[in-house]
Amino acid sequence: MENIFKRLNKEQIEAVKTVEGPVLILAGAGSGKTTVLTSRIAYMIREKNIYPSSILAITFTNKAAGEMKERVKRIIGEEADRMWISTFHSACVRILRRDIDKIGYNSNFAIYDSDDQRVLIRDCMKELSINDKDITDREIIGKIGEAKDRLISADEFKRTNSGNFRTNKIADVYLLYEKKKKGFNALDFDDLIIKTVDLFNKNKEVLDFYRRKFKYVMVDEYQDTNHAQYKLVNLLSQEHKNICVVGDDDQCIYEWRGADINNILDFEKDYKNAKVIKLEENYRSYGNILKAANSVIQHNTNRKGKALRTEAEDGEKLRYFRAESDKDEARFVASEILRLKDEGKSFGDIAVLYRTNAQSRLFEECFINSIPYKLIGGTRFYERREIKDILSYLKLINNPLDDISLKRIINVPKRNIGDTTVQKIQEYANELELSLYNALLDVDSIPGLSGRSVTSVNKFLSLINSFIKIKEDMKVSDLIKSIINDSGYLDCLQKSTLVEDRARIENIEELVTSAVQFEESSEDQSLEKYLEDITLVADVDKYDEDADAVTLMTLHSAKGLEFPIVFMAGMENGVFPGNKSFSMESEMEESRRLCYVGITRAKERLYLTGAEMRMQYGRHEFHSESDFILEIPKDLIEQALQRKIAKPVINKRVTFEPDFKSYLNKNTENRLEESQVKIGSKVKHKLFGKGTVITIDKSTGSTKLKIAFENMGIKDLILDMAPLELI
DNA sequence: GGTCTGCAGCTTTTT
DNA sequence: GCTGCAGACC
């Protein structure tokens with residue numbers, strides 16, 4: 001323990017030692033926040049003899065939770081397993097699985113992701129005859145989500161909004177949505193928090209149990225909590241008041257999904273005699289990077305006010321490059337990365353950060369043949385169609401009341417149960433207030449169904465029932481295998497001639513692999529737990545820092561991470577900050593905080609790039625230089641990379657090609673010969689994995705291949721450039 | 001009941 | 001420029 005204190009500064013030690021009473025730790029970026037938190041836990045257990053099981057530590061992502069657990073384990077050993085270190089959502093699921101029956105749900109409730117939510121909302125809209133053209137599902141989901149973040153129930157929403165035609169309609173959808181969801185025994189993401197608060201409010205025994213259990217509560221990233229989460233923490237810590245929150249108001253970047261910056265700004269009002277500790281010493285970045293971060297964030301008015309300082313040297317200046325076009329921007333980044341690699345840096349030290357996922361495409365295209373990269377975000381594995389299909393089978397088997405999952409797969413693969421049939425079953429179910437599954441059991445008495453439909457429905461029903469029967473004594477991976485075989489799903493894909501269906505088969509195999517991994521790593525191997533795990537993981541959670549590849553991700557995903565070298569791309573008004581920021585000051589402030597988060601990710605070197613012209617909506621859009629660039633003092637920015645140097649020939653997009661070629665030439669061993677490739681050849685690409693050649697085009701000087709990759713879709717590649725091998 | 005086609009909307013950000 | 005969806009057609 002003494003060893004630990006040696007490595008901490010005065011404020012950090014104070015934060016570690018203040019165990020009793022409310023504490024607010026304002027931890028600037030890179031101020032050793034995680035070290036403080038883990039040391040604090042170790043101190044509580046080792047020095048203060050606090051039971052690990054009476055500590056609840058909440059983090060923002062599963063990854064952060066896992067990391068914290070690992071670090072605590074390293075200090076205090078296996079005892080750490082008896083603490084709860086988890087995300088809000090996981091902690092709530094755990095509480096709800098135990099006691100949700102007390103508020104009228106079944107403990108095997110399903111968790112709906114945003115996709116399921118959207119489908120259900122649309123169903124509700126249809127039922128209420130709300131035309132998509134009057135109010136979009138997006139708007140409704142947004143408004144309902146906003147209400148839920150603030151713990152406003154459907155009833156209350158209806159009561160307070162009945163005056164306005166539009167919001168009244170939304171209130172009706174909200175009411176119906178909640179009713180249906182309850183009938184399906186399902187909870188959406190927001191419900192996980194809300195129902196836990198609900199349970200605590202309605203059931204004193206349960207609340208008391210957890211109050212007594214969790215004598216010490218810690219919340220990381222407190223600036224990103226919404227009102228519901230605030231309430232939850234508040235309920236838990238009301239009595240003992242041993243609550244320690246850690247956060248940085250300057251890093252609040254989730255206001256758009258309900259994060260309430262006032263939770264952190266008002267902490268001292270909410271908890272009398274709260275101790276406030278500021279950690280302002282930064283151990284991550286060089287001086288110039290910090291100076292830039294500080295000067296940007298100073299333009300915000302609504303903040304607690306603190307300034308990061310460091311004892312590190314100034315380091316290099318920031319490098320700014322304004323490219324002619326978005327493509328040139330990507331080329332510049334690629335050529336710089338290759339240069340850095342030649343200088344001895346490793347790809348794993350580098351991250352490219354951008355505002356929107358759409359921006360990743362150009363970087364990917366540019367990196368394809370020369371730079372290994374890993375992409376975080378975008379369309380996620382578990383959101384792919386075939387994966388969602390199989391998961392819907394699993395969800396239905398786990399919880400037959402889940403109408404949304406049932407509807408998704410009742411005719412997938414095709415089994416002659418069309419929309420009309422489903423419509424009739426739905427009407428019957430609505431009338432008798434049955435779930436669809438229960439309505440199917442009565443299929444013989446549903447009016448208006450043809451004999452053929454009844455036969456098909458019965459066949460489907462016995463298929464599902466056979467799965468329900470075997471689910472208890474089968475491993476999840478085996479259950480998945482049974483589903484894809486017995487349902488005919490796999491057959492259907494195998495018979496298909498479409499290339500993308502072959503990729504689908506691979507993805508399903510990948511799903512089986514993931515289930516096996518789950519079985520190997522999880523203690524609780526139930527289907528329920530598996531479904532829970534995959535619904536609650538984010539992409540960042542799986543991010544592997546050891547791989548030698550450049551990381552591509554959004555600024556949001558980068559929060560909590562650090563890299564020796566960072567590129568912030570798209571530094572243009574209209575992109576970052578986005579157009580909306582110019583009409584709303586609060587948006588501008590949030591963007592600025594995001595910028596601050598981005599800058600402070602960098603340890604040694606920071607590049608800022610932008611483009612004059614960018615393709616958006618298939619149009620050429622022209623953007624001015626980002627206001628955030630102007631907020632950084634000029635003397636911190638290196639001007640060596642001006643356009644004059646970068647752009648020798650107008651309209652010739654080869655500016656950075658030489659660097660590229662020299663790099664590629666060094667890596668041309670094992671290249672495929674033209675004579676080796678035929679249509680239908682199976683090849684392996686360094687990054688894209690396995691694929692099949694579908695066309696060969698020699699009309700332009702070089703040989704162009706169209707290749708269907710099993711997991712990456714169809715790509716156009718140039719034979720001489722692409723790292724391909726025959727398999 | 002299944003398949004094809006044209007068009008609208010999309011780009012914030014995610015547990 | 002791409003995707004997903006509604007409506008028309010088979």
Side-chain angles (χ1 to χ4, degrees), chain A residues 58-65 86-93 111-115 117-119 122 126 131-133 136-139 141-142 145 148-149 187-194 221 224-226 228-229 252-259 326 353-362 376-380 382-383 385 411-423 450 452-453 456 532-541 553-559 570 574-581 584 587 590-591 593-595 597-598 614-621 713:
Chain A
I58 302 278
T59 61
F60 201 67
T61 63
N62 293 299
K63 186 174 189 289
S86 70
T87 61
F88 268 107
H89 295 267
S90 313
C92 287
V93 171
I111 302 169
Y112 279 0
D113 62 19
S114 16
D115 208 51
Q117 180 185 42
R118 194 167 135 263
V119 173
R122 288 170 140 264
K126 212 177 254 172
N131 195 324
D132 215 343
K133 270 155 203 139
T136 61
D137 52 354
R138 267 174 72 88
E139 186 185 351
I141 292 166
K148 295 184 95 162
D149 285 339
L187 302 184
D188 64 24
F189 282 137
D190 297 328
D191 286 334
L192 296 177
I193 317 290
I194 296 174
E221 308 281 13
D224 285 324
T225 50
N226 63 28
Q229 290 162 334
C252 173
I253 54 172
Y254 286 109
E255 236 168 17
W256 53 273
R257 65 165 193 211
D326 47 358
L353 309 180
Y354 37 79
R355 183 68 222 282
T356 64
N357 278 311
Q359 285 168 260
S360 72
R361 209 194 83 237
L362 284 175
I376 313 289
T379 317
R380 291 185 270 178
Y382 292 110
E383 278 166 14
R385 201 218 293 172
N411 203 27
V412 178
K414 301 258 175 325
R415 43 173 80 90
N416 296 316
I417 309 175
D419 291 346
T420 336
T421 310
V422 174
Q423 192 65 42
S450 67
R452 218 181 64 183
S453 306
S456 309
E532 184 182 310
D533 268 22
I534 56 178
T535 331
L536 296 179
V537 292
D539 261 9
V540 216
D541 296 337
M553 65 177 146
T554 63
L555 287 155
H556 282 87
S557 306
K559 196 175 74 164
V575 176
F576 188 48
N579 280 324
K580 239 190 183 166
S581 299
M584 272 177 75
E587 287 262 348
E590 176 144 327
S591 281
R593 291 193 291 269
L594 190 57
C595 182
V597 168
R614 179 177 296 277
M615 203 60 143
Q616 269 177 332
Y617 292 97
R619 302 204 63 94
H620 296 287
E621 305 269 357

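Keep in mind that this is a model prediction, so the values were computed, not measured. Convention: sequence-line order gives letters A, B, ...; per-chain numbering from 1. Hydrogens, waters and symmetry mates play no part in the numbers below; they use all other heavy atoms, side chains included.
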May I ask you to test the [X]-[Y] pair for a side-chain heavy-atom distance under 4.5 Å?
X	Y	answer
A:His620	A:Met615	yes
A:Asp326	A:Gln616	no
A:Glu221	A:Thr59	no
A:Asp191	A:Lys148	yes
A:Val93	A:Leu536	yes
A:Leu555	A:Val597	no

Contact class for [X] vs. all strands (heavy atom < 4.0 Å): base, sugar-phosphate, or nothing?
X	result
A:Thr420	sugar-phosphate
A:Glu621	nothing
A:Thr535	nothing
A:Arg138	sugar-phosphate

Nearest whole Å is fine: how far is [N] [atom2] from [X] [atom1]?
X	N	atom1	atom2	answer
A:Glu139	B:dG9	CD	C1'	15 Å
A:Leu362	C:dG1	CG	P	13 Å
A:Ile111	B:dT14	CD1	C1'	15 Å
A:Lys148	B:dT15	NZ	P	18 Å
A:Asn579	B:dT13	CG	P	15 Å
A:Asp533	B:dT15	CG	P	14 Å
A:Leu555	B:dT14	CG	P	10 Å
A:Leu187	B:dT15	CG	C1'	14 Å

Do [X] side-chain atoms and [Y] backbone N/O form a donor-acceptor pair below 3.5 Å?
X	Y	answer
A:Asn411	A:Ile417	yes
A:Tyr354	A:Met553	yes
A:Asp137	A:Arg122	no

Can you name the atoms? Protein N/O to nucleotides 2-7 of chain B N/O, anything below 3.5 Å, with the distance.
from: B:dG2; atom 1: OP1; to: A:Asn411; atom 2: ND2; distance (Å): 3.1

TODO: For DNA chain C, just give me the dot-bracket, please: Watson-Crick or G-U, both distances below 3.5 Å, ( ) intra-strand, [ ] crossing earlier pairs, | paired with another strand, . unpaired.
DONE: ||||||||||
- [ ] To the nearest 0.5 angstrom, please state how far the OG1 atom of A:Thr554 sits from the NZ atom of A:Lys559.
- [x]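 The OG1 atom of A:Thr554 sits 11.5 Å away from the NZ atom of A:Lys559.
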TODO: To the nearest 0.5 angstrom, please state how far the SG atom of A:Cys92 sits from the CD1 atom of A:Ile194.
DONE: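 Interatomic distance, A:Cys92 SG to A:Ile194 CD1, rounded to 0.5 Å: 10.5 Å.
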TODO: Apply side-chain hydrogen bond (donor to acceptor under 3.5 Å, both in side chains) to A:Ser581 and list each qualifying residue two or more places apart in sequence or on a separate chain.
DONE: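 side-chain hydrogen bond (donor to acceptor under 3.5 Å, both in side chains) check on A:Ser581 returns A:Ser591.
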Are [X] and [N] close enough that a side-chain N or O sits under 4.0 Å from OP1 or OP2?
X	N	result
A:Ser557	B:dT14	yes
A:Ser90	B:dT15	no
A:Thr554	B:dT14	yes

TODO: Report the residues that fulfil ring-ring contact (aromatic ring centres under 6.0 Å, His included) with A:Phe60, sequence neighbours left out, ordered by chain and then residue number.
DONE: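 Result, ring-ring contact (aromatic ring centres under 6.0 Å, His included) vs A:Phe60: A:Tyr254.
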TODO: Go through the steps for A:Thr356 and A:Gln359 under the test side chain to side chain donor-acceptor pair (under 3.5 Å), then give the verdict.
DONE: CA-CA 6 Å; A:Thr356 64; A:Gln359 285 168 260; 3.2 Å; yes
Task: Pairwise P distance, B:dT13 and C:dG4 [rounded to whole Å] - done: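 Pairwise P distance, C:dG4 against B:dT13, rounds to 15 Å.
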Contacts under 3.5 Å, N or O only, protein and nucleotides 8-10 of chain C:
none

For nucleotides 2-5 of chain C, tabulate all protein N/O to nucleotide N/O atom pairs closer than 3.5 Å, reporting atom names and distance.
from: C:dC5; atom 1: OP1; to: A:Arg118; atom 2: NH2; distance (Å): 3.4

Open item on the list: Determine whether the aromatic ring of A:Tyr254 stacks with the base of B:dT14, defined as ring centroids separated by less than 5.5 Å and ring planes inclined by less than 30°.
Closed with: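 No, the aromatic ring of A:Tyr254 does not stack with the base.
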Open item on the list: Of the listed nucleotides (B:dT11, B:dT14, B:dG1), which one gets closest to any side-chain atom of A:Trp256?
Closed with: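 Output: B:dT14.
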Open item on the list: Please give me the minimum heavy-atom distance between A:His556 and A:Ile253, naming the atom from each residue.
Closed with: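 Of all heavy-atom pairs spanning A:His556 and A:Ile253, the closest is NE2-O, 3.2 Å.
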Task: Toward the 5' end of DNA chain B, by each residue's nearest nucleotide, A:Gln616 or A:Val422 - done: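 The 5'-side residue here is A:Val422.
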